[in-house]
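A short worksheet on the structure shown next.
The structure displayed is predicted, hence computed values, not measured ones.
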Amino acid sequence: QVQLVESGGGLVSPGGSLRLSCAASGSTLDAHAMGWFRQAPGNEREGVSCINRSDGSTNYADSVKGRFTISRDNARNTVYLQMNSLKPEDTAVYYCAADPDYYCDSESILVAQDFRSWGQGTQVTVSS
């Protein structure tokens, strides 16, 4: 099973940017579809974005479309989430997830239960 470690979270002002990274070990990332989820206090974990393992198809939650970009560098065994134009409502713990069988495309509905491996999360706080 792949092990995942997120990094790159922090405190940023509204309108700012952050890039989250998810480094994998124990298996190669190119054998997994990857997802980013987030969870704010009192809320359920929600899907943010995913990227397919083979053709690079992606999917984004409506709330982040046009602002967030998911990418993967299989040579570095790392997945990224570039977050621009951040808003206070983006404040949450962000989790990286992987699954060898999940298929991500534009019609995907991101559900946490579909992903088998999870990182420990990284806090993102958007505040002035």
Side-chain angles (χ1 to χ4, degrees):
Q1 191 169 356
V2 63
Q3 290 81 49
L4 305 172
V5 178
E6 303 95 334
S7 61
L11 173 64
V12 62
S13 299
S17 298
L18 282 175
R19 188 177 78 158
L20 305 183
S21 299
C22 173
S25 61
S27 182
T28 53
L29 268 189
D30 59 6
H32 298 77
M34 302 298 298
W36 284 98
F37 290 77
R38 65 186 182 186
Q39 188 167 18
N43 290 357
E44 293 185 356
R45 192 167 297 189
E46 65 169 339
V48 174
S49 182
C50 65
I51 185 166
N52 211 23
R53 62 177 180 175
S54 55
D55 59 10
S57 297
T58 59
N59 182 285
Y60 297 93
D62 288 342
S63 58
V64 306
K65 277 180 182 175
R67 300 189 298 123
F68 290 11
T69 303
I70 190 171
S71 62
R72 64 192 303 158
D73 185 339
N74 289 336
R76 296 180 183 271
N77 236 23
T78 302
V79 172
Y80 304 98
L81 185 68
Q82 178 67 45
M83 305 186 296
N84 299 330
S85 302
L86 282 162
K87 305 175 181 179
E89 50 264 44
D90 294 318
T91 295
V93 177
Y94 282 71
Y95 297 90
C96 174
D99 193 272
D101 296 324
Y102 186 79
Y103 186 79
C104 172
D105 64 12
S106 60
E107 304 299 320
S108 298
I109 298 175
L110 285 165
V111 177
Q113 288 87 338
D114 289 338
F115 288 80
R116 300 181 203 183
S117 301
W118 291 84
Q120 82 291 346
T122 185
Q123 176 70 46
V124 171
T125 302
V126 185
S127 175
S128 56

Exercise. Would a hydrophobic clustering, with Ile, Leu, Val, Met, Phe, Trp and Tyr connected at side-chain separations under 4.5 Å, put Val64 with Trp36?
Worked result: yes
Exercise. How many angstroms lie between CD in Gln1 and OG in Ser117, if you round to the nearest 0.5 Å?
Worked result: 3.5 Å
Exercise. Between CD of Gln82 and CG of Leu20, what distance do you get to the nearest 0.5 Å?
Worked result: 9.0 Å
Exercise. Are any non-hydrogen side-chain atoms of Asn52 and Tyr103 less than 4.5 angstrom apart?
Worked result: yes
Exercise. Who are the salt bridge (Lys or Arg N to Asp or Glu O under 4.0 Å) partners of Asp105, not counting sequence neighbours?
Worked result: none
Exercise. Under a 4.5 Å cut-off applied to non-hydrogen side-chain atoms, are Thr91 and Arg38 in contact?
Worked result: no
Exercise. Are Phe37 and Val79 linked, directly or through other ILVMFWY residues, by side chains that come within less than 4.5 angstrom of each other?
Worked result: no
Problem set entry | Nearest heavy atoms of Ala40 and Ala92, plus distance in Å | N-CB, 3.8 Å
Seminar exercise, completed: Note: Ser128 and Pro14 closest approach over all heavy atoms is N-CD, 3.7 Å
Exercise. Should Leu29 and Met34 count as side-chain neighbours, where that means a heavy-atom distance under 4.5 Å?
Worked result: yes
For this session: Begin with the C-alpha distance, continue with both residues' side-chain angles, and end with the deciding distance and a verdict on salt bridge (Lys or Arg N to Asp or Glu O under 4.0 Å) for Lys65 and Asp62.
Result: CA-CA 5 Å; Lys65 277 180 182 175; Asp62 288 342; 3.2 Å; yes
Exercise. Pairs in or reaching into residues 12-27: which pass side chain to side chain donor-acceptor pair (under 3.5 Å), with residues at least two apart or in two chains?
Worked result: Ser17-Asn84
Exercise. Which heavy atom in Gln120 sits nearest to a heavy atom in Leu4, and how many Å separate them?
Worked result: OE1-O, 3.8 Å
Problem set entry | Cluster overlap Ile70 with Val2, hydrophobic side-chain contacts below 4.5 Å | yes
Seminar exercise, completed: Residues at least two apart in sequence or cross-chain that pass side chain to side chain donor-acceptor pair (under 3.5 Å) with Tyr95, listed by chain then number, are none
Exercise. Taking Asn59 for the side chain and Ser49 for the main chain, is one N or O donor matched with an acceptor at less than 3.5 Å?
Worked result: no
Seminar exercise, completed: Hits for side chain to side chain contact (heavy atoms under 4.5 Å, CB included) against Val12, two or more places apart or cross-chain, chain-then-number order -> Leu18, Leu86, Val126
Exercise. Is a side-chain N or O of Ser85 found less than 3.5 angstrom from the main chain of Gly15, in a donor-acceptor match?
Worked result: no
For this session: Find the distance between CD1 (Ile109) and SG (Cys104) and round it off to the nearest 0.5 Å.
Result: 12.0 Å
Exercise. Can you list the residues that meet the side chain to side chain donor-acceptor pair (under 3.5 Å) rule with Ser57, with sequence neighbours excluded?
Worked result: Asp55
Problem set entry | CG-NE2 distance between Asp99 and His32, expressed to the nearest 0.5 angstrom | 7.5 Å
Problem set entry | Within the 6.0 Å centroid threshold, strictly below: Tyr60 and Phe68 | no
For this session: Begin with the C-alpha distance, continue with both residues' side-chain angles, and end with the deciding distance and a verdict on side-chain contact (heavy atoms from CB on, under 4.5 Å) for Arg67 and Asp90.
Result: CA-CA 11 Å; Arg67 300 189 298 123; Asp90 294 318; 2.7 Å; yes
Seminar exercise, completed: Distance col, row Arg72:CZ vs Asn77:CG, nearest 0.5 angstrom, shows 9.0 Å
Problem set entry | Non-neighbouring partners of Asp101 that pass salt bridge (Lys or Arg N to Asp or Glu O under 4.0 Å), sequence neighbours left out | Arg116
Exercise. Side-chain contact, heavy-atom cut-off 4.5 Å: Tyr102 with Leu110?
Worked result: yes
Exercise. Does a sphere of radius 6.0 Å around CD in Glu107 hold more than 12 heavy atoms from other residues, nucleotides or ligands, not counting ones at 6.0 Å or beyond?
Worked result: no
Problem set entry | Side chain Glu6, main chain Cys96, donor-acceptor under 3.5 Å | yes
